[in-house]
Amino acid sequence: MQYFNLHTHSNSNQPDVVELVNQYPHEFTDLIATYSIGIHPWFIVDERIVSDLAILESKLREPGCLAVGECGLDKRIDISFLLQQTVFERQLLLAEQYQKPVVIHCVAAFQELIAIKKRLKITVPFLIHGYSKNEQLAKELVANGCYISFGKYLLRMPQLESVFCAIPNDLFFLETDTDEQTIQEVYELAAQYKGLSVAQIKALINTNFKTVFESQQITI
């Protein structure tokens, strides 16, 4: 059974790792086997939105595209929050149309995120990547149909142990994002925190992968 890295920005080409490599529409490369593709709120460019969305939709028809994202909302950047919401919502509607899960970037906008999910009646899974917040918010996200993915912050913030352990085993993923540490290291710490073996963590994530990506012909 292989490792699964829910979110990374680089392709490590390890034979025992399946990676969901983040791609941006304007920089897309077909050299990556399994990827997500989306318009990150940091990189919204007015004059490129239409073309980026067109590229995104075209790739959603390809077998290697497993998810939309990363996309989302970020209140700590200068880009208009209203524009961020508009671009995010258009991507969510495409995700719903093509039945793809969504890798979510969210900073200081979780209540807005939940409200949009409800208002648009989005049924595909939300995958909250790089989680670093408290247990109460994590439980609220889970209650609203979200999976929680842990990575570099789990390695750096010991206080996340209790948050991670509170997440049901059928609702979490692991990742590296832009971190130099390996997915194997993340799995080892996750296993330690959960009181399980790495093999057991692999089995749990394998089951979660099958649930979230069940319509796609990829196995781990």
Side-chain angles (χ1 to χ4, degrees), residues 2-14 17-45 48-49 51-74 76-77 79 84 87-96 98-107 109 113 122 124-132 141 146-156 172-187 205 208-209 212-213 216 218 220:
Q2 294 175 298
Y3 293 89
F4 175 59
N5 187 345
L6 180 85
H7 181 70
T8 177
H9 289 258
S10 59
N11 189 4
S12 69
N13 292 312
Q14 299 175 77
V17 182
V18 173
E19 296 169 313
L20 193 58
V21 180
N22 185 85
Q23 295 227 56
Y24 303 118
H26 65 287
E27 296 177 347
F28 180 81
T29 171
D30 59 7
L31 299 177
I32 295 171
T34 52
Y35 60 88
S36 64
I37 183 168
I39 306 171
H40 193 294
W42 294 0
F43 306 125
I44 295 172
V45 177
R48 206 176 60 212
I49 292 171
S51 61
D52 278 356
L53 286 169
I55 294 168
L56 168 60
E57 183 168 9
S58 72
K59 298 309 171 188
L60 291 178
R61 303 186 183 102
E62 299 294 331
C65 179
L66 303 191
V68 172
E70 71 184 286
C71 59
L73 304 168
D74 193 327
R76 295 182 183 158
I77 59 175
I79 294 171
Q84 290 184 49
V87 174
F88 180 47
E89 289 180 13
R90 291 183 68 177
Q91 293 180 87
L92 291 182
L93 293 173
L94 285 172
E96 189 72 11
Y98 289 92
Q99 286 296 290
K100 301 283 186 179
V102 186
V103 178
I104 301 285
H105 168 99
C106 189
V107 176
L113 180 79
I122 301 300
V124 295
F126 273 23
L127 311 171
I128 310 296
H129 104 81
Y131 194 75
S132 64
L141 289 165
C146 300
Y147 289 74
I148 311 294
S149 182
F150 295 84
K152 62 183 180 183
Y153 296 113
L154 193 68
L155 296 170
R156 298 173 186 175
F172 79 88
F173 284 98
L174 299 172
E175 62 175 70
T176 57
D177 195 9
T178 56
D179 206 71
E180 291 183 1
Q181 289 177 287
T182 66
I183 194 63
Q184 290 87 348
E185 290 173 276
V186 181
Y187 271 67
I205 290 181
N208 297 346
F209 180 92
V212 171
F213 301 97
Q216 304 180 55
I218 302 289
I220 64 173

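Counting only heavy atoms from C-beta outward, the side chains of Phe126 and Leu92 approach each other to under 4.5 Å.
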- Message: Apply side-chain contact (heavy atoms from CB on, under 4.5 Å) to residues Tyr24 and His9 and explain how you reach the verdict.
- Response: CA-CA 10 Å; Tyr24 303 118; His9 289 258; 3.4 Å; yes
- Query: Are Ile205 and Phe172 close enough, and set up right, to give a side-chain contact (heavy atoms from CB on, under 4.5 Å), and what steps lead you there?
  - Reply: CA-CA 7 Å; Ile205 290 181; Phe172 79 88; 3.9 Å; yes
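Considering every non-hydrogen atom in both Ala67 and Lys100, the closest pair reads CA-CB, 4.2 Å. Here the closest heavy-atom approach between residue Leu20 and residue Ser36 is recorded as CD1-N, 3.7 Å. When all heavy atoms are compared, the tightest approach of Ile37 to Ile55 is CD1-CG2, 4.4 Å. Residues Pro101 and Leu66 come closest through the heavy atom pair CD-O, 3.4 Å. The two residues Asn5 and Thr8 make their nearest non-hydrogen contact at ND2-CB, 3.6 Å. The shortest non-hydrogen separation linking Leu155 to Glu185 is CD2-O, 4.1 Å.
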Could you list the donor-acceptor pairs under 3.5 angstrom formed by side chains in residues 146-154, with sequence neighbours left out?
| from | atom 1 | to | atom 2 | distance (Å) |
| --- | --- | --- | --- | --- |
| Ser149 | OG | Glu175 | OE1 | 2.7 |

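Taking the centre of each ring, Tyr35 and Phe28 come in below the 6.0 Å mark.
Of the residues listed (Val102, Val103, Ile104), the one engaging Ile128 in a side chain to side chain contact (heavy atoms under 4.5 Å, CB included) is Ile104, and it is the only one.
Remark: Ser12 engages Gln14, Glu19 in a side-chain hydrogen bond (donor to acceptor under 3.5 Å, both in side chains) (not counting sequence neighbours). Residues forming a salt bridge (charged side-chain N to carboxylate O under 4.0 Å, His left out) with Glu89 (at least two apart in sequence, or on another chain): Arg119.
The aromatic rings of Phe209 and Phe4 sit perpendicular, their planes meeting at an angle over 60°, well past the 30° parallel limit. Ring geometry for Phe213 versus Phe173: interplanar angle over 60°, hence perpendicular rather than tilted (30 to 60°).
Side-chain N or O atoms of Glu96 include one that pairs as donor or acceptor with a backbone N or O of Val124 at under 3.5 Å.
Surrounding CZ of Arg61 are more than 12 heavy atoms belonging to other residues, nucleotides or ligands, all under 6.0 Å away.
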